[in-house]
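The figures that follow rest on heavy atoms only: side chains count, while hydrogens, waters and symmetry mates do not.
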Amino acid sequence: MQTTDWTEGYTSDIGYTYGYFKELNPLAMRLAFFNAGLQPPQLDADTTACELGFGQGLSCAMHASASPVQWWGTDFLPQQAGFAQNLVQVSGAQAHFYDDDFATFLERDDLPQFDFIALHGVWTWVSSDNRAVIIEFLRRHLKVGGVVYLSYNTQVGWAQMMPLRKLLTRHVDRLGAAGAGSARNIREALAFAKQLFDTAPAHARSHPAAANKLQELLAQDPHYLAHEYFNRDWAPMDFADLADQLHSAKLTFASSAHYLDLIDPLNLTEAQQTLLDRIPDTALRETARDFCVDKAFRKDYWHKGAQPLSAAQMAASFRQERVILTKPRGRISLVVEGVLGVMDLSPQIYDPILDLMSDYQPHSLGEMADRLNQIEGMDLMTLVQAAFIFAHRGEWHSAQSEADQEMTRPGCDALNRHLLTAHADKDKLLHLASPVTGGGIQVTPQEKVLTLAWLEGEREIAALAETLMQQLADGPFREGQDQATALETADGFVQRFVPFLQGHKIL
């Protein structure tokens, strides 16, 4: 693998994926903070946010373009910083993205104090020296009342996988060809591991989860694997150890950002809930909880002196929170899966909620509670639970004010046009910017093609289908697929997806 002094052991010859991560949107924290009885930062033109290690930068560029929040960030791979800079240049957002390493970024004299600082996964994949720099950055640059989003691999969930990860990286280090590139070396390491596991070693019999993980890795994109598993530094950490380190930056745990974690009956037995409720220490309780659910990857919010909310303030905050569907109504299932298994959501309660929201307009939880109060079992906290479930699955999101939507719509329009044209060939870049949510909305490759055609004025189903067949001739409409499939796809787009995109002010 290609390593030079400036990379500090981080994979540099293969770019990160073009993923979008909804948790990096500051709006996403509001429900979690209300539930924790804490006041989140105000989000307006005076709000400042920062992402450390932003990868390709799609998330931070969308959040900078689609919201009034002022964004800063760094990723030390120049090509990735350049991609993020290009996106905000297109949208006109006043964002500041750099290719500094963390130590250099820490010493910049032009950084503000931040209301929100985000690190997605970075913590696990950097050296202990860099983690110390991150702690110092948080100590210096997070405002009082500010929030940190931090996700990382936990030791509890990765204990069985660590020997497999070591085996793979050793193969790359010992047998990988220096000039072959990371992707090839990773594929060869995985092939070797499969050959080894096919011999039924005792380790695989004793740790069946390792064999299952290998099968999962074999099916994944080497671009993703390179950055997730093949860097020099890779250090899963228990919650309690992380809490000890963040304490020096005056940070206190607020809530899981994994919203399904907030619904205990889906994840914990009654005995486990009773035991955890008796643990007064937050660090020990969260670590014990990770044992209960075998947590492998945590997504958490931390705060620096957030002010508490009274019970009345919590209820009022929930009532005022506006949410919108972020997937079309027909794609939302009433089956939810937690650690304890699969549960069917009551259609008598959840269908009316989703039906009310299927106009693809923002609705406050209070308005929904008032309009649906004739339904037995429906109240504000039922709607809050629905918000946790559907927000977790990327099907709901908090909405910005109408004024912020109008202010950010021109930038979103410009960015989306750029993503649909200049990056039309990137089949992994599958999000568009919504001025309603201040973030990304997932689309399929077919929907990208049809959205661009619609923006260019095409309204006829037959013409849209023809465009689809021409643009994706080597994809789903390759030889053997007839025009009927394209017509059906185009018709579904017009009937169901266009109203959805219009609600999000993308069309």
Visitor: Could you tell me whether the side chain of K448 and the main chain of L429 form a donor-acceptor pair under 3.5 Å?
Guide: yes
Visitor: Which residue pairs pass the side chain to side chain donor-acceptor pair (under 3.5 Å) test when at least one of the two sits in residues 494-504, sequence neighbours left out?
Guide: S434-H504
Visitor: Determine whether S65 and V88 make a side-chain contact, defined as any pair of heavy atoms from C-beta on separated by less than 4.5 Å.
Guide: yes
Visitor: Are Y259 and N35 close enough that some pair of their side-chain heavy atoms sits under 4.5 Å apart?
Guide: no
Visitor: Show, in sequence, the C-alpha distance, side-chain angles and deciding distance for F54 and L24, and conclude whether the side chain to side chain contact (heavy atoms under 4.5 Å, CB included) test is met.
Guide: CA-CA 10 Å; F54 52 63; L24 302 177; over 6 Å; no
Visitor: Measuring from I135:CD1 to N130:CG, what's the distance to the nearest 0.5 Å?
Guide: 12.0 Å
Visitor: Counting only heavy atoms from other residues, nucleotides and ligands, does the tally under 6.0 Å from CD of E488 exceed 12?
Guide: no
Visitor: Less than 4.0 angstrom from a charged side-chain N to a carboxylate O is my criterion; do R139 and E136 meet it?
Guide: yes
Visitor: Taking all non-hydrogen atoms of both residues, which atom of A32 and which atom of S256 are closest, and how far apart?
Guide: CB-O, 4.1 Å
Visitor: Out of curiosity, L251 CG to L150 CG, how far, rounded to the nearest 0.5 Å?
Guide: 9.0 Å
Visitor: Give, for atom CD1 of I441 and atom CG of L501, the distance between the pair rounded to the nearest 0.5 Å.
Guide: 8.5 Å
Visitor: Looking at W123 versus F102, is the centre-to-centre ring distance below 6.0 Å?
Guide: no
Visitor: Would you please indicate yes or no on a ring centroid separation below 6.0 angstrom for F116 and H63?
Guide: no
Visitor: So how far is it from L242 CG to M237 CE, rounded to the nearest 0.5 Å?
Guide: 6.5 Å
Visitor: With side chain to side chain contact (heavy atoms under 4.5 Å, CB included) as the criterion, how do T444 and L430 come out once you've worked through the C-alpha distance, each side chain's angles and the decisive distance to 0.1 Å?
Guide: CA-CA 6 Å; T444 66; L430 296 175; 5.9 Å; no
Visitor: Just wondering, more than 12 heavy atoms not from R174 lying within 6.0 Å of its CZ?
Guide: no
Visitor: Would you say the side-chain atoms of S59 pair up with the backbone N or O of F21, donor to acceptor, closer than 3.5 Å?
Guide: yes
Visitor: Can you name the closest pair of heavy atoms from R131 and A235 and give their distance?
Guide: NH1-CB, 3.9 Å
Visitor: Would one find more than 12 heavy atoms of other residues, nucleotides or ligands at under 6.0 Å from atom CD of Q89?
Guide: no
Visitor: How would you list all residue pairs meeting ring-ring contact (aromatic ring centres under 6.0 Å, His included) that involve residues 425-465, not counting sequence neighbours?
Guide: Y20-H431
Visitor: Using distance alone, with no hydrogens and no angle criterion, decide if E321 and S398 have a side-chain donor and acceptor under 3.5 Å apart.
Guide: yes
Visitor: Parallel, tilted or perpendicular: which one describes the rings of F114 and F137, with boundaries at 30° and 60°?
Guide: parallel
Visitor: Ion pair present between E406 and K505, side-chain N to carboxylate O less than 4.0 angstrom?
Guide: yes
Visitor: Work out which heavy atom in L138 is nearest to a heavy atom in A249; give both atom names and the distance.
Guide: CB-CB, 4.1 Å
Visitor: D101 side chain to T104 main-chain N or O, any donor-acceptor pair under 3.5 Å?
Guide: yes
Visitor: Would you call E107-R140 a salt bridge at under 4.0 Å N-O?
Guide: yes
Visitor: Would you mind reporting whether T48 and Q113 have side-chain heavy atoms less than 4.5 Å apart?
Guide: no
Visitor: Do Q70 and Q94 have side chains that get closer than 4.5 Å, going by heavy atoms?
Guide: no
Visitor: Does Q307 use its side chain to pair, donor to acceptor, with the backbone of G305 at less than 3.5 Å?
Guide: yes
Visitor: Which distance, rounded to the nearest 0.5 Å, do you find between the OG1 of T124 and the CG of L119?
Guide: 10.5 Å
Visitor: Describe, in one word, how the ring planes of W125 and F297 are oriented to each other, choosing from parallel (under 30°), tilted (30 to 60°) and perpendicular (over 60°).
Guide: tilted
Visitor: Is the closest side-chain heavy-atom distance between V449 and Q470 below 4.5 Å?
Guide: no
Visitor: Indicate yes or no for a side-chain donor-acceptor contact from T326 to the backbone of G394 under 3.5 Å, with no hydrogens or angles considered.
Guide: yes
Visitor: Excluding sequence neighbours, so at least two apart, what forms side-chain contact (heavy atoms from CB on, under 4.5 Å) with T169?
Guide: R165, K166, F230
Visitor: Go through it in stages, so that I can follow the logic: the residues are V323 and F390, the test is side chain to side chain contact (heavy atoms under 4.5 Å, CB included), and I'd like the CA-CA distance, side-chain angles, deciding distance and then a yes or no.
Guide: CA-CA 11 Å; V323 294; F390 296 124; over 6 Å; no
Visitor: Name the residue from H120, H258, R298 that meets the side-chain hydrogen bond (donor to acceptor under 3.5 Å, both in side chains) definition with S151.
Guide: H120
Visitor: Atom CD of residue position Q220 - does it have more than 12 heavy atoms of other residues, nucleotides or ligands inside 6.0 Å?
Guide: yes
Visitor: On a heavy-atom basis, which atom in L262 and which in S255 lie closest, and how many Å separate them?
Guide: CD2-OG, 3.7 Å
Visitor: Is the shortest distance from a Lys or Arg side-chain nitrogen in K295 or D261 to a carboxylate oxygen in the other one below 4.0 Å?
Guide: yes
Visitor: Is Q85 reaching over with its side chain to a backbone N or O of F97, donor-acceptor style, under 3.5 angstrom?
Guide: yes
Visitor: As a quick check of understanding, evaluate side chain to side chain contact (heavy atoms under 4.5 Å, CB included) for I461 and F493, giving each step before the final call.
Guide: CA-CA 9 Å; I461 300 295; F493 173 80; over 6 Å; no
Visitor: Please answer whether the main-chain N or O of A49 pairs with a side-chain N or O of W71 as donor and acceptor at a distance below 3.5 Å.
Guide: no
Visitor: Within the distance-only criterion (no hydrogens, no angle test), does the side chain of D75 pair as donor or acceptor with the backbone N or O of G57 below 3.5 angstrom?
Guide: no
Visitor: Looking at every non-hydrogen atom in both residues, tell me the closest pair between P41 and D115 and how far apart they are.
Guide: CG-O, 3.7 Å
Visitor: Within the side chain of Q400, is there an N or O that forms a donor-acceptor pair under 3.5 Å with the backbone of L27?
Guide: no
Visitor: Quick check: closest heavy atoms across Y360 and P328, and the distance to 0.1 Å?
Guide: OH-CA, 3.5 Å
Visitor: Is any side-chain heavy atom of H423 less than 4.5 Å from a side-chain heavy atom of L58?
Guide: no
Visitor: Measuring only between side-chain heavy atoms, which start at C-beta, is D290 closer than 4.5 Å to Q155?
Guide: no
Visitor: Do L106 and V133 have side chains that get closer than 4.5 Å, going by heavy atoms?
Guide: yes
Visitor: Within this structure, what is the NE2-CG distance for the pair H363 and L325, rounded to the nearest 0.5 Å?
Guide: 8.5 Å
